[in-house]
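Notes to accompany the following structure.
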Amino acid sequence: MRTGSIRQGGGALEDIVSLAPIGEPRRKITVASLREKKLQHQLLTCLTAYDYASARLVDEADIDIVLVGDSLAMTMLGYPDTLSVTVDEMLHHTKAVRRGVKHALLVADMPYGSYHLGMDDAVRNAARFVKEAGAEVVKIEGGEKRADLIRRVIDAEIPVAGHIGLTPQSVNVMGGYKVQGKSLSGIEQLMRDAVALDRAGVALLVLEGIPREVAAMITEEVATPTIGIGAGPDCDGQVLVFHDILNLTFAPPAKFVRHYGDAAALIADAVHAFREDVHSHQYPSDNESYHLSKETQQALETVLERKRGIRR
Ligand code: KIV
């Protein structure tokens with residue numbers, strides 16, 4: 001029996017009046033359902049989305065988690081890294097994604113500088129993602145040194161996603177985008193990071209750019225679901241960047257990226273074809289044009305005829 005509230009997006013009332021064939025109703029993914037799926041060894045899927053159209057497509061494809069990643073600094077805004085994107089820019093995109101997502105859990109990245117200047121400032125910024133943009137979870141990069149801060153945000157009733165390993169907001173400290181946890185001390189640090197965030201109560205833990213063996217150990221060790229990106233197949237789920245899987249990044253892909261489509265070629269072909277059609281008078285055709293009704297056309301002819309008569 002469904003127990004969902006009718007006020008929830010895509011909730012029970014909509015299902016009752018739906019004309020769609022009766023099947024398994026899609027459940028709203030919540031923080032609790034992520035844990036359930038981990039316990040039942042059901043793999044989780046997560047993709048980034050940055051606007052209404054991509055959010056709808058991702059959500060309607062039954063992806064569990066939609067992440068408004070600060071990777072949008074590069075994919076959408078053309079910056080060289082994630083550091084310059086602001087809270088206001090992230091909110092703008094999160095609001096658009098919110099309007100496209102009904103079932104997936106909506107996670108938004110807190111950008112660089114939005115949680116580094118003190119706990120109160122971090123909680124204030126995190127609350128903006130919930131109140132103004134409808135995010136259900138905020139993601140914060142960093143390991144054990146962020147545990148207290150993450151507790152404070154969770155205390156404010158805001159679920160937090162952790163993110164450890166290769167954390168792109170630390171690019172200048174790491175000296176580039178380098179795989180983390182390759183040495184024994186690196187592995188120890190990652191284990192401490194994972195356990196600290198798990199104890200702090202993160203809703204999920206993104207593991208980025210670490211050896212698969214280390215990701216497997218972390219996944220085994222923590223109760224929270226791990227979502228890997230460049231962390232091998234033994235995580236509780238996988239996340240990829242929307243633009244990466246569609247070849248829309250204008251850059252050589254990282255080792256872990258798989259292209260599931262070539263949107264760059266699709267878009268380029270369509271744009272060239274449009275240009276060709278305009279230049280060769282193939283677009284628009286008569287069928288693609290609006291027409292006057294017969295009566296209006298006749299009336300117009302009469303008026304024009306009269307005007308020509310007056311001029312003669
Ligand atoms: O910003 C982002 O897209 C991310 C994912 C790579 C996990 O943080």
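Each ligand, and each atom within it, is numbered from 1 in the order the structure gives.
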Any nitrogen or oxygen of S71, main chain or side chain, under 3.5 Å from a nitrogen or oxygen of ligand 1? yes

Can a donor-acceptor pair be found between the side chains of S285 and Y283 at a distance below 3.5 Å? no

In terms of side-chain heavy atoms, does H163 have a donor or acceptor partner in K139 at a distance below 3.5 Å? yes

More than 12 heavy atoms of other residues, nucleotides or ligands under 6.0 Å from CG of L184: yes or no? no

R56, CZ atom: more than 12 neighbouring heavy atoms under 6.0 Å: no

Nearest-neighbour protein heavy atom for [atom], which is reported as residue plus atom name and distance:
atom                   : answer
atom 6 (C) of ligand 1 : I229 CD1, 3.6 Å
atom 5 (C) of ligand 1 : L67 CD2, 3.7 Å
atom 8 (O) of ligand 1 : K139 NZ, 2.8 Å

May I ask you to say whether R152 pairs ionically with D155, meaning some side-chain N is under 4.0 Å from a carboxylate O? no

Any atoms of ligand 1 less than 4.0 Å from a non-hydrogen atom of [X]? List them with their elements.
X    : result
H163 : 8 (O)
T48  : 3 (O)
V241 : 3 (O)
G69  : 1 (O), 2 (C), 3 (O)

Ligand 1 versus D70, non-hydrogen atoms closer than 4.0 Å: side chain, backbone, both, neither? both

Tell me which part of T82 gets within contact of ligand 1: side chain, backbone, both or neither, using heavy atoms under 4.0 Å. neither

Which ILVMFWY residues are connected to Y290, directly or by a chain of links, through side-chain heavy atoms under 4.5 Å apart? none

Contacts of H92 that satisfy ring-ring contact (aromatic ring centres under 6.0 Å, His included) - sequence neighbours left out: none

